[in-house]
Structures are given as C-alpha cells and as structure tokens.
Amino acid sequence: MFNKFRLKVINFLESHKELPVIAALAAGLHPLFHYYNTNFSQVNSWGHLLYFLSIYIIIPVAGFVVLKRLVDTLELLKTLRPFTLSVLNLTSFIVLLLLSTTGLDAFHLSVGLIVGVLLGLLLRKHINKIIVFQLLLAAFVAVKLIPDVYKHFTHSNEWMVPVDDIASVQFKKKPNIYIIQPDGYANFSELKNSIYKFDNTAFEEFLSERNFKTYGDFRSNYNTTLSSNTSMFGMKHHYYHSPKPGANELYNARNLIVGNNPVVSALKANDYNSFLILETPYLLLNRPKIAYDYCNISYDEVPFLSRGFDLYKDVNADLKEAIMNNSKTHNFYFIEKISPGHVANTGRSSEGMLVERAHYLENLNTANTWLMDLVTTIETNDKNSLIVIVADHGGFVGLDHTLQARAKQTDRDLIYSIYTSALAIKWPEDASGYDTELKSNVNLFRVLFSYLSENSTYLNNLEADYSYAIIDKGAPFGVYKVIDDNDKVTFDVHKD
C-alpha cells in the first residue's frame, strides 16, 4: 500500500496536469488545521466547523475552479494561463495562514497578496512540489490535532458531580444575588505587600461604610480566568484535566462556566432567574450553550474569528436595565469585567516588570471607580441583596508576563501575586458560622448556598484550599500544588 501511495505521489510530481481542486485543498488545509491546533477550545463548536470549512475549503475550491475555467476560456487572459494555478495556490495559502496566525488587516492582506503573486509567478514550474509540501504540512498538524478531537468526543464532566445533594439545595432565604468579578483584582491584604505596594484605603472604606465584609488572604485555586471559574462554578477541583504540553486553556471550560453547572442548576431549582452580564465575549468564544436565562451579548455580535476582546459592553448600564426589568422575581447576576486585569500575557508584549506594575495599578484605580458605581447602582435599585465581589486570580505583578507562572517559582510573594484574589461580601444578614472557612474560590458557592439554606452540613464537603499550576519550566511538565490548605507555599506534583 505504501509503495502504491509513493508511486502516485511521484506520478503527481512529474505530471503537468493541473488540478484546481487539489491545489485549493492544499492551500486551505494547513491553515485550517493550524488554527484548530492553536485555538481548539475556542472553536470546538459545530458552527465554527461549518464556518471554517466555508472559509478555508469550500470558497477556495469554488474560486479556484471558476477562475481557472475563466482564464482558460477567455482568449484575452491566455497569457495568464501558465501562472493561474500557482498564483492562486500560493496567494491563498499565505493569506489563509496569516488569517490563522496574525489575523487579517489591510497591511497583512496587502503583504500576503503581493508575496503570493510574486511567488506564484516565480515558482509556477514547481507548483506540484509545493502542493505536496502543503499537504504534508497539513498531515503533520492533523496528527497533532488527534488528542484534541479525541478529548472532544470522550470528555466527561463526571468530576463536577457533587458528593452531596447541594445541586438540589433548598434556600430558606432568597435575596437577589450579585456575583461581581473584576478580573485579576488582588486581595486587599496582598495589595499591601512589597510587590504591589498599593494604598487601597479609600476603596476599603467605601466597602466598610456599606457593610461589606472583606476576606484577607483569600485566593484562587487556579491562575487563569477559565480554570478558576470552572472550579468555582463546579464547586470542585478539576486539576486541569490532564493538560497537554503547550495548552493555554482548560478544555471545555467555557461550556461549564456559562452552561448548566451545579451552581446554575441549584439556582434554577430555587426559582431564580439568571443573568450573565459580560464586558467582552471572552467566555463565549466557542459559542457554548448558555444556561442563563439572559446574556447581554448575542452570538450575532461575536465574529467566528473573535479573540474575545473585539467587543466591549457597558456592564453597568446593562445590569441596571436588567434590574429595572426584573424587579418582581428572584434573580442571580454574574457580572464580569476585564479590569484591572494583569501584566502582559507574553514576553514579546511585556514592557518590563516595573512598567507592567504601573499599568496594573492604574487599572486598579479605574476598577475601583467602576466597582463603586456598580455597587451604588445595585444598592439604589435593589436593597437587601447579597453582593459578592470576587476576583478570578491575582494581577501577576512582580512578573514580566503571565507565562512566567508556568515556570517553577519559589518566592512566596510572587506566587501569591498570581493567586491572590479579592473577596468582599455584603451579607443581608449575619453569616457567622458559615463563612469561617471561606479561603478560596472553589468553596465560594458552597458557603453561599449553606448560608441561604441555613444548612451547615454542606460545609462538611468543602474542597481543600489548594492552589495549582501547570509547570513546564524548572521541573518536569505537569500539574503542581503550589499553595497548600494551610496557606504555605509548596511544590508537589499532582497525581491523578
């Protein structure tokens, strides 16, 4: 069989026959597979598949066939006939590859078209070799995609099944619930340390005057928005689901955060309407099925090639409208804003530790203003509600960029800079006896539900307050526990 395949390849290389369909497939397959390989968890929906097949395969094939026939038919274009297929192939390949990597703007599109045409003119005699090379590249990336595709069809959410009946908990009090998530907001206690060195007195006094209880040393269990929120809404540890080297995101996280997780199920069982109020569509990139009754961002507004930050909503205005229109029901609101955020994501985009710190602290002041406005809006329109301000992780201040969190760290303040997470709660009534063990995101909703149901037995199944990291530098690749449940820095590999 291999010899037959080899013979066919050799015959193709030596042939002068032009095959526009094969040329179009070769131009589109590698860019298509490359995009999936680097962004699989953002595009693993059937809608994305249909869209990408159209952009990378169907349109190129149709375009190649039509244009080739047009050039071959019109006498006016006969001088272009020897170059048609090579120009189409190389121009399409370069443009589609740019689309899959840097994205397309006027500059990149112009460069891609110019380079593609020039190469097509120069390499027309070698087009069959180029096609074979493109197909080999596609095959190589396709093999790398196999684990992702396998995980997509075999992935299980069994880890999220509660050990008790908390998903069907019965509330004895039903205030409206507001979960406000300022991305990357460090805990008030950690803002005072030698790395952040930030005076947050004014905002803390604002919270105190409004009877918020702040929780010093509260922290996240994971160091990204997706991994942290998945454990928070799952009320359990996921340990990153056996990640593969180079993975940037927790697989299936968006589906679990905005989908039918134990938290949303419990709220619906208690006749709550649920509202997802987002500043950007970052949590919606792979178009998960939204279990919330309302979301302020429609999928019609989110491009299939979105990176999550090409649309910004006024969450304060959207929340106020939702409150005014739903004054007679029990309501749950999850409100997320990408502020203050964190230091740069990569070394290439970083301006250095000191400048990144300055940017973060400037954004922190902006976040404080936003939070004060939002809390005032809630208190003005919805008295006696349960208001929770909880971050997803820290600001990574002290690092040049967030990818350094994947390297083994030993400095206590740097590790806490990654995981420190703000928490402030305005309880409608005294919560003493329920919140004494509230130390990390994974247990937030279990504590809230215990309080609302007045059933402290749910606290018997609190998850361990461990913090985990994926490490690929300074130690063998794997998931490591970096903070234990006694708040001590450690470095122990997690074993399934």
Side-chain angles (χ1 to χ4, degrees), residues 180-208 212-225 227-229 232 336-347 349-372 374-375 388-425 438-441 444 465 467-469 482-484 486-490:
I180 305 169
Q181 185 168 94
D183 182 273
Y185 200 119
N187 193 279
F188 310 118
S189 59
E190 212 63 29
L191 287 174
K192 300 178 175 67
N193 74 13
S194 60
I195 291 180
Y196 284 90
K197 290 185 287 189
F198 182 77
D199 184 1
N200 207 29
T201 303
F203 183 60
E204 291 185 53
E205 288 178 349
F206 169 85
L207 294 175
S208 178
F212 275 82
K213 181 176 181 180
T214 58
Y215 294 77
D217 300 319
F218 187 82
R219 55 183 162 80
S220 64
N221 308 93
Y222 301 90
N223 59 27
T224 67
T225 298
S227 56
S228 178
N229 281 339
M232 187 171 79
E336 186 205 44
K337 184 177 174 69
I338 310 299
S339 181
H342 47 67
V343 302
N345 284 316
T346 65
S349 60
S350 175
E351 297 182 65
M353 179 183 67
L354 295 179
V355 176
E356 293 296 332
R357 172 183 174 275
H359 288 329
Y360 176 84
L361 296 182
E362 180 181 350
N363 292 335
L364 192 62
N365 279 316
T366 302
N368 283 344
T369 300
W370 165 67
L371 286 167
M372 289 188 284
L374 192 67
V375 168
V388 181
I389 299 173
V390 59
D392 47 355
H393 50 71
F396 294 71
V397 170
L399 300 175
D400 293 321
H401 54 88
T402 61
L403 288 180
Q404 289 175 321
R406 295 176 70 101
K408 180 181 179 180
Q409 302 287 343
T410 57
D411 185 282
R412 182 265 177 206
D413 286 351
L414 283 179
I415 293 172
Y416 266 79
S417 179
I418 298 168
Y419 293 92
T420 179
S421 175
L423 178 65
I425 302 178
L438 187 50
K439 295 168 58 178
S440 68
N441 291 56
L444 175 66
D465 293 299
S467 294
Y468 292 93
V482 294
I483 305 176
D484 66 21
N486 293 315
D487 301 324
K488 301 295 184 183
V489 170
T490 184

Rounded distance (nearest 0.5 Å) linking atom [atom1] of [X] with atom [atom2] of [Y]:
X: D183; Y: T224; atom1: CG; atom2: OG1; value: 10.0 Å
X: I389; Y: F188; atom1: CD1; atom2: CZ; value: 6.5 Å
X: N441; Y: S220; atom1: CG; atom2: OG; value: 5.5 Å
X: R357; Y: L399; atom1: CZ; atom2: CG; value: 13.5 Å
X: N363; Y: N368; atom1: CG; atom2: CG; value: 11.0 Å
X: L207; Y: E205; atom1: CG; atom2: CD; value: 10.5 Å

Taking side chain as C-beta onward, heavy atoms only, is [X] less than 4.5 Å from [Y]?
X: L444; Y: Y215; value: no
X: T369; Y: N365; value: no
X: V388; Y: Q181; value: no
X: K439; Y: D487; value: yes
X: I483; Y: T490; value: no
X: Y196; Y: L364; value: no
X: L423; Y: I425; value: yes

F396 and side chain to side chain contact (heavy atoms under 4.5 Å, CB included): which partner among L414, T402, N345?
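In the set L414, T402, N345, the residue that makes a side chain to side chain contact (heavy atoms under 4.5 Å, CB included) with F396 is T402.
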Would you say [X]'s side chain and [Y]'s backbone share a donor-acceptor pair under 3.5 angstrom?
X: D400; Y: M353; result: yes
X: S421; Y: A391; result: yes
X: S228; Y: H393; result: no

Residues forming a salt bridge (charged side-chain N to carboxylate O under 4.0 Å, His left out) with [X], sequence neighbours excluded:
X: E351; result: none
X: K197; result: none
X: K192; result: E204

Mind checking what makes side chain to side chain donor-acceptor pair (under 3.5 Å) contact with [X], not counting sequence neighbours?
X: T201; value: D199
X: S440; value: N221, D465
X: S467; value: R219

List in chain and number order the residues that pass ring pair (Phe, Tyr, Trp, His ring centres under 6.0 Å) with F218, two or more places apart in sequence or in another chain; answer none if no residue qualifies.
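With neighbours one apart ignored, the set is empty.
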Counterpart residues, ring pair (Phe, Tyr, Trp, His ring centres under 6.0 Å), relative to Y416 (two or more places apart)
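Expected list: none.
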Minimal non-hydrogen separation, [X] against [Y], with atom names:
X: A367; Y: S339; value: CB-OG, 3.5 Å
X: G352; Y: S350; value: N-OG, 3.0 Å
X: D392; Y: P182; value: OD1-O, 4.3 Å
X: G184; Y: Y360; value: O-OH, 2.6 Å

What residues form a side-chain contact (heavy atoms from CB on, under 4.5 Å) with [X], not counting sequence neighbours?
X: S189; answer: N187, D217
X: T366; answer: none
X: A407; answer: Q409, K473
X: D413; answer: E190, N193, S194, I195, D411

Should the ring pair Y468 and Y222 be called parallel, tilted or perpendicular, given that the plane angle runs from 0 to 90° and is split at 30 and 60?
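Plane angle under 30°, so parallel.
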Start with the C-alpha distance between V375 and F206, add both sets of side-chain angles, then the distance that settles side-chain contact (heavy atoms from CB on, under 4.5 Å), and finish with yes or no.
CA-CA 10 Å; V375 168; F206 169 85; 4.1 Å; yes
